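Worksheet: the structure to be examined is printed underneath.
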2 protein chains.
Amino acid sequence: MRSRGGRATSARRLLLAALVTRPGHLSAEELAAEVQSRAPDVNLSTIYRNLEELERLRVVDRTHLGHGPATYHLASAAHGHLVCEKCGSMSEVPDQIFDGLAEQARERYGFVIHPNRFAVTGLCAGCQR
Amino acid sequence: MRSRGGRATSARRLLLAALVTRPGHLSAEELAAEVQSRAPDVNLSTIYRNLEELERLRVVDRTHLGHGPATYHLASAAHGHLVCEKCGSMSEVPDQIFDGLAEQARERYGFVIHPNRFAVTGLCAGCQR
DNA sequence: GTGCTTGCAAACGTTTTGCAGACTC
DNA sequence: GAGTCTGCAAAACGTTTGCAAGCAC
């Protein structure tokens with residue numbers, strides 16, 4: 001798993017371990033906390049640098065969920081995100097929900113969408129007053 | 001048009017004028033430049049404060065287009081955004097392209113999407129190598 | 001030993017905040 | 001005159017960078 005000319009450092013192993021053991025959407029800061037619980041002096045910038053490389057290698061996806069920090073998760077988990085603008089809750093939905101949009105975008109604009117890399121915002125069932 | 005207990009200040013008038021005369025997606029900084037061309041000492045923080053209020057009043061939509069600053073536009077312009085991850089280009093697309101997604105989200109999750117408030121990321125026609 | 005990788009500290013760009021004075025109503 | 005709004009300066013926030021030392025190979 002250690003990649004294209006890269007080296008197997010402990011910071012990287014721990015970061016991957018964190019991504020595997022805590023599935024879901026974690027910010028760089030949360031991942032850092034997780035890694036630091038085992039290796040206290042791994043620096044935040046190291047986390048960012050490695051996440052950047054892992055993103056380039058398509059091992060993780062980075063998603064901007066609304067206003068806060070970006071979140072990261074393993075690329076294997078194919079799903080989209082519905083984020084409520086009011087209460088901030090997020091639900092993961094299967095990729096198929098994007099099929100119609102994907103088809104239209106491709107046919108009409110030649111655009112290939114990446115459903116796991118963005119958040120669909122709106123109002124969840126509980127927040128529609 | 002001056003709203004619920006608010007006051008009609010010149011900074012606000014100029015900000016709305018900028019939003020009307022320059023349709024499209026403007027960052028807070030660009031809007032500030034536009035306003036400042038007529039009233040040089042309007043401060044950036046005033047722009048932010050007023051955009052925040054206008055967003056709360058649903059007069060403008062704020063959209064995060066990838067990594068840079070958020071962009072703002074009048075809420076009336078109903079359209080979605082396709083942003084290319086590689087070259088950064090953005091195209092606006094009619095809301096109908098989201099019809100299928102909107103229906104599925106509503107039926108299966110009770111979630112009402114707001115197509116103008118998020119960006120669909122992927123690869124544009126020119127960047128699919 | 002070579003050179004990729006790291007910690008640290010400092011910079012970055014965007015946005016938010018505290019405060020005293022200015023303005024609208 | 002009361003209370004909202006503003007400019008200014010500084011802080012906050014998430015993220016990126018430069019550098020010298022450290023480590024994997």
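We name chains A, B, ... by the order of the sequence lines, and we start the count at 1 in each one. Note: hydrogens, waters and symmetry copies are ignored here, and every other heavy atom, side chains too, is used. Being a predicted model, the structure only gives us computed values, none of them experimental.
A/Q128 places a side-chain N or O within donor-acceptor distance of the main-chain N or O of B/G110, the cut-off being under 3.5 Å. Between the side chain of A/T46 and the main chain of A/V42, no donor-acceptor pair closer than 3.5 Å is present. With A/R58 contributing its side chain and A/A75 its backbone, the two residues share no donor-acceptor pair below 3.5 Å.
Counting only heavy atoms from C-beta on, B/R62 has its side chain closest to C/dT16 among C/dT16, C/dT5, C/dC25. Of the candidate nucleotides C/dC25, C/dT14, C/dT2, C/dT2 has the atom lying nearest to any side-chain atom of A/R7.
The distance between atom NE2 of A/H67 and atom P of C/dT15, rounded to the nearest whole Å, is 9 Å. When rounded to the nearest whole Å, the span between CG of B/L16 and P of D/dC5 equals 13 Å. Atom P of nucleotide C/dG7 and atom CG of A/L15 are separated by 12 Å, given to the nearest angstrom. Distance A/L26 CG to D/dG14 P: 15 Å, rounded to the nearest Å. The distance between atom CZ of B/R56 and atom P of C/dT16, rounded to the nearest whole Å, is 11 Å. Computed from coordinates, the A/H64 NE2 to D/dG14 P distance equals 12 Å when rounded to whole Å.
Of all heavy-atom pairs spanning A/L44 and A/A28, the tightest one is CD2-O, 4.1 Å. In terms of heavy atoms, A/A119 sits closest to A/V83 at CB-CG2, 3.8 Å.
Nucleotides of DNA chain C nearest to B/S10 and B/A28 differ in position, and the one nearer the 5' end is that of B/A28.
Each end of the helix from C/dG1-D/dC25 to C/dC25-D/dG1 gets its own axis from five base pairs, and the two axes differ in direction by 30°, given to 10 degrees.
The ring of B/H81 has its center no closer than 6.0 angstrom to the ring center of B/H64.
Near DNA chain C, meaning a heavy atom under 4.0 Å from it, residues 41-52 of chain A has A/D41, A/V42, A/N43, A/S45, A/T46, A/R49, A/N50 in order of number.
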- Task: Kindly indicate, with the supporting measurements, whether the criterion ring pair (Phe, Tyr, Trp, His ring centres under 6.0 Å) is fulfilled by B/F118 and B/F98.
- Result: CA-CA 12 Å; B/F118 60 89; B/F98 295 100; 5.8 Å; yes
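Under the rule for a salt bridge (Lys or Arg N to Asp or Glu O under 4.0 Å), the partners of A/R62 that lie at least two apart in sequence or sit in another chain are A/E55.
Between B/H79 and B/H25, the two ring planes are perpendicular [angle over 60°; tilted spans 30° to 60°].
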